[in-house]
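I have placed the structure first, in the form of structure tokens, so that the comments after it can refer back to it.
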Amino acid sequence: MRVISVKDYDEMSEVAGKIIAAQVTVKPDCVLGLATGSTPIGTYKELIKKYKKGEISFAECKTANLDEYFGISPENDQSYAYFMKDNLFSHVDIKPESTNIPNGQNPDAEEECNRYEEVIKKLGGVDLQLLGIGNNGHIGFNEPAEGFSCTTHKVALTESTIDANTRFFASKDLVPKYAYTMGTKTILGAGKILLLASGENKADAIYRMVAGPIEPGMPASILQLHKDAIVIADKKAIRLLEEKAPELITTKMN
Ligand code: PGA
């Protein structure tokens with residue numbers, strides 16, 4: 001696992017934007033695994049900037065998003081489908097038919113999860129998967145559990161994730177309680193993984209993910225098994241790792 005320490009959110013976004021742009025440049029028809037949340041917004045802004053300057057094109061790219069809330073329509077401004085349009089897709093030249101996201105409106109979980117796994121398989125797998133990390137160490141909506149999840153599945157969100165997401169909704173009872181998410185095995189199938197973290201509330205998760213044991217109580221710890229995982233964390237998010245296991249930080253940009 002390569003761990004890059006950066007100054008702040010802006011530097012994290014800039015470095016991540018460069019890595020994704022490099023991926024798109026060397027393989028214009030690559031498959032990007034994308035994530036939602038506050039963390040990747042700056043990275044998407046960097047990619048939009050590069051597209052507008054004519055440095056990169058997404059015309060041949062395909063995308064597969066990590067997750068989507070269950071029971072929510074793509075027109076709902078809290079859906080991840082809406083988020084992706086708003087923060088990236090509508091600003092670049094990606095073809096709408098090249099973008100994929102679980103269908104939160106399909107009530108048949110088995111059918112939807114099989115469909116989504118099939119979509120990823122038909123794309124030939126994900127080349128680069130972008131990830132955030134939950135305060136509790138979740139990746140996608142793979143929450144701390146007794147065992148690691150495998151393929152795309154429907155998941156009940158934990159109280160801590162519902163609390164963290166309440167800030168986006170008018171009230172806590174409006175936060176969806178379930179989601180469809182790529183499983184841990186689906187995520188680990190990506191050729192490269194790029195996990196971003198910013199802010200003090202991620203410090204414990206980053207420390208345990210990088211330096212702790214691989215265990216399903218800390219879902220992101222499984223990334224230690226991936227052959228090409230890059231973590232970019234800012235000063236606040238890397239604080240505990242820096243204090244307790246600085247030897248695990250591979251590159252310091254700040
Ligand atoms: P955040 O969420 O980017 O909004 O902090 C990250 C996550 O839950 O994966």
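Ligands are counted one by one from 1 in listed order, and the atoms in each one are counted from 1 as well.
Here the two rings, on Tyr69 and Tyr178, have centers that are 6.0 Å apart or farther. Separation of the Tyr180 and Phe70 ring centroids falls under the 6.0 Å cut-off.
Nearest to atom 3 (O) of ligand 1 among the protein's heavy atoms is Thr39 OG1, 2.4 Å. For atom 9 (O) of ligand 1, the closest non-hydrogen atom on the protein side is His138 NE2, 3.5 Å. Scanning the protein heavy atoms around atom 6 (C) of ligand 1, the nearest turns out to be Ile133 O, 3.5 Å. The protein heavy-atom contact nearest to atom 5 (O) of ligand 1 is Lys202 NZ, 2.6 Å.
Short contacts between ligand 1 and Gly132, defined as distances under 4.0 Å to a heavy atom of the residue, involve ligand atoms 9 (O). Residue contact check: Gly37 has heavy atoms under 4.0 Å from atoms 3 (O), 4 (O) of ligand 1. When each atom of ligand 1 is checked for a heavy atom of Arg167 under 4.0 Å away, the hits are 4 (O).
Shown here is Glu110, whose CD atom has no more than 12 heavy atoms of other residues, nucleotides or ligands within 6.0 Å. No more than 12 heavy atoms of other residues, nucleotides or ligands lie within 6.0 Å of NZ in Lys185, so this atom counts as exposed by the packing criterion.
No N or O atom of Thr36 sits closer than 3.5 Å to an N or O atom of ligand 1.
Taking each heavy atom of Ile41 and Tyr9 in turn, the nearest pair found is N-OH, 3.6 Å.
Of the heavy atoms in Glu143, none comes closer than 4.0 Å to ligand 1.
Exactly one of Thr181, Asn142, Thr186 qualifies for a side-chain hydrogen bond (donor to acceptor under 3.5 Å, both in side chains) with Ser149. That residue is Asn142.
The CD1 atom of Ile20 lies 6.0 Å from the OG1 atom of Thr43; values are rounded to the nearest 0.5 Å.
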